[in-house]
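Throughout, protein chains are lettered first and strands after them, A, B, ... in sequence-line order, and every chain is numbered starting at 1.
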Amino acid sequence: MSAVVQTLTPFIEKSCLLKALQYMEIRFSEQRDKILIQGETDTYFDRELSGKFKLTCYFYTSSVVTMLPQIEQKYIQFYKEHMKELEEKRLEAERARIENERRAYVEKQRQEIIKKAEAKGYKIKEKRNGNEIQLVLVKHTY
Amino acid sequence: MAEKRISITIDESGKITAKTDGIKGEMCLIELEEILGEEISAMSVKKTDEYYQRINPGQKNIQKQGVGK
């Protein structure tokens with residue numbers, strides 16, 4: 001005889017669990033790391049030391065218990081979306097950092113050229129063509 | 001009255017293209033060195049036919065790769 005037991009996906013990310021409950025139209029209120037289910041006696045999710053939210057309920061016939069598989073499915077969906085969003089934000093932040101570095105480098109080049117040209121008596125005309133900088137240095141000698 | 005003209009383009013990646021007009025002989029390279037600084041050593045210098053023509057030796061095209069390129 002053998003048995004296969006599968007646990008629920010641990011509800012670790014609170015925001016995703018709350019979204020899943022909202023999607024399932026389960027009314028709740030929050031008290032720190034405790035999510036109290038409204039309309040159910042002593043039914044709540046609270047965060048264990050392990051970090052996951054565990055459902056505790058007075059009646060095992062509680063509607064929340066019967067809805068756990070659907071809550072889990074929605075949690076997984078929202079968790080994946082959340083991870084994707086975080087990855088996009090991380091990539092965007094990295095892209096912005098690299099772009100700022102490039103802009104700072106180009107600006108430093110521009111300033112140094114202008115400073116040295118002015119010191120040599122050149123008049124400078126500057127034109128921007130998109131991201132391209134065009135400098136025309138002109139000096140008249142007799 | 002003579003005119004010295006240096007046209008410099010810095011593209012979005014930081015690559016510099018510089019062209020001199022009205023500066024004769026080796027002076028055009030010296031002038032660019034003084035304006036573009038030590039980084040000119042990292043430049044690839046493309047001498048045009050005009051560079052070797054004594055009649056009009058003051059024009060050179062210089063291209064520089066930006067750092068990291």
Side chain, backbone, both or neither of A:K120 within contact of chain B (heavy atoms, under 4.5 Å): side chain
hydrophobic_cluster_shared for A:V64 and A:M24, side chain cutoff 4.5 Å: yes
Minimum heavy-atom distance between B:E31 and A:Y122, given as atom pair plus value: OE2-OH, 2.6 Å
Linked, directly or transitively: A:L8 and A:Y79 (ILVMFWY side chains, under 4.5 Å): yes
Same apolar cluster: A:V138 and B:I35, side chain cutoff 4.5 Å: no
Closest non-hydrogen atom pair, A:E132 against B:D11: CG-CA, 4.0 Å
Choice from A:T141, A:V136, A:V106 maximising heavy atom contacts with chain B below 4.5 Å: A:T141
Pick from A:R103, A:E107, A:K115, A:K116 with the largest number of heavy-atom pairs that fall under 4.5 Å of chain B: A:K116
More than 12 heavy atoms from other groups under 6.0 Å of CD on A:E25: no
Interatomic spacing from CD1 in B:I8 to CD1 in A:I133 - rounded to 0.5 Å: 11.0 Å
ILVMFWY cluster, A:Y58 and A:M67 together (side-chain gap under 4.5 Å): no
A:N129 side, atom CG; B:T9 side, atom OG1 - distance, nearest 0.5 Å: 9.0 Å
A:L18 reachable from A:L86 in the ILVMFWY side-chain graph, under 4.5 Å edges: yes
Spatial distance of atom CD1 (B:I16) from atom CD (A:Q109) [nearest 0.5 Å]: 4.0 Å
For A:K108, salt bridge (Lys or Arg N to Asp or Glu O under 4.0 Å) partners two or more places apart: A:E112
Heavy-atom closest pair, residues A:H140 and B:E3: NE2-OE1, 3.0 Å
Pairwise distance CG(B:L32) to CD1(A:I113) - rounded to 0.5 angstrom: 10.0 Å
